[in-house]
Amino acid sequence: DLVKHILKLPDGIAAREDFSSALLGDLLEREIEVLPDPAFFLEPPDMEGISDSSSGALGVVMRGSGYGIRVTRPSVIEDKAQLINHEPAFRLSVRAIESFLSGARRREARLFVQTEADRELADDIFSYFSNSKFGGKVSVITPTNVQDYLMELGKLECLISSRFHAQIL
């Protein structure tokens with residue numbers, strides 16, 4: 001009853017695919033429209049003043065495998081030295097960053113934190129590089145809103161991500 005009550009509060013409701021539409025329709029006893037993800041309707045930011053993609057920056061948006069699609073608390077690997085052996089997103093990020101930064105002197109890597117679910121992995125990757133030869137070339141970026149995130153994406157030469165929304169924006 002609580003979920004049903006909460007779902008009736010907004011002026012409108014839509015689903016991204018037929019299964020969710022049918023589920024919500026049964027729950028709310030009305031037809032639920034299927035629409036694309038709202039991110040597809042965002043207006044692009046004004047890119048004036050942003051240099052071309054020759055900034056030499058790699059963007060990384062990764063979420064640990066313990067998080068899934070929604071924010072939950074993963075099983076934490078206490079021994080951070082073992083992260084590279086046990087967390088695929090950590091391994092992929094480290095190898096991609098090392099490869100990218102080895103290619104040129106002026107390059108840098110930016111680890112994006114879109115939600116708190118991204119923070120621990122981004123901080124662990126940053127820590128991994130802090131005491132390496134790439135220490136000054138890796139930073140953590142926490143955009144404050146969608147426009148800020150879009151502006152940061154516009155400054156990148158390349159972006160790797162484990163998340164759909166990080167790419168379509």
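Checking side-chain atoms of Ser162 against main-chain N and O of Arg63 turns up a donor-acceptor pair under 3.5 Å. Put simply, the side chain of Asp148 never gets that close to the backbone of Asn145: no donor and acceptor are under 3.5 Å apart. Remark: side-chain polar atoms of Ser132 are paired, donor with acceptor, to backbone N or O of Phe129 under 3.5 angstrom.
The CD atom of Gln114 sits 11.5 Å away from atom CE of Met62, with the distance rounded to the nearest 0.5 Å. Rounded to the nearest 0.5 Å, atoms OH (Tyr149) and OG1 (Thr142) are 12.0 Å apart. Taking CZ of Phe112 as the start and CD1 of Ile160 as the end, the distance is 11.5 Å to the nearest 0.5 Å. To the nearest 0.5 angstrom, Lys137 atom NZ is 10.0 Å from Arg107 atom CZ. A distance of 8.5 Å separates CE in Met151 from CD in Gln147, rounded to the nearest 0.5 Å. Rounded to the nearest 0.5 angstrom, Glu108 CD and Phe100 CZ are separated by 8.5 Å.
A pairwise comparison of heavy atoms in Leu101 and Ala109 identifies CD2-N, 3.9 Å as the closest pair.
In this structure the side chain of Ser93 never reaches within 4.5 angstrom of the side chain of Tyr128, judged on heavy atoms. Using a 4.5 Å heavy-atom cutoff, the side chains of Ile141 and Pro143 are in contact. Val140 places none of its side-chain heavy atoms less than 4.5 Å from the side chain of Ile125.
Cluster annotation: Leu92 is connected to Ile97 through the hydrophobic network of ILVMFWY side chains, with a link wherever side-chain heavy atoms come within less than 4.5 Å.
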Evaluation steps, side-chain contact (heavy atoms from CB on, under 4.5 Å), between Val60 and Arg110: CA-CA 6 Å; Val60 178; Arg110 298 178 184 152; over 6 Å; no
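A salt bridge links Glu116 and Arg119; the closest N-O separation between the charged side-chain nitrogens and carboxylate oxygens is under 4.0 Å.
Applying the side chain to side chain contact (heavy atoms under 4.5 Å, CB included) rule to Ser130 yields the partners Phe126; only residues at least two apart in sequence or on another chain are considered.
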Atom pairs and distances, side-chain donor-acceptor, residues 17-31, under 3.5 Å, sequence neighbours left out:
| unit_1 | atom_1 | unit_2 | atom_2 | d |
| --- | --- | --- | --- | --- |
| Glu17 | OE1 | Phe19 | N | 3.4 |
| Glu17 | OE1 | Ser20 | N | 2.7 |
| Glu17 | OE1 | Ser20 | OG | 2.8 |
| Glu17 | OE2 | Ser20 | OG | 2.9 |
| Ser21 | OG | Ile32 | O | 2.6 |

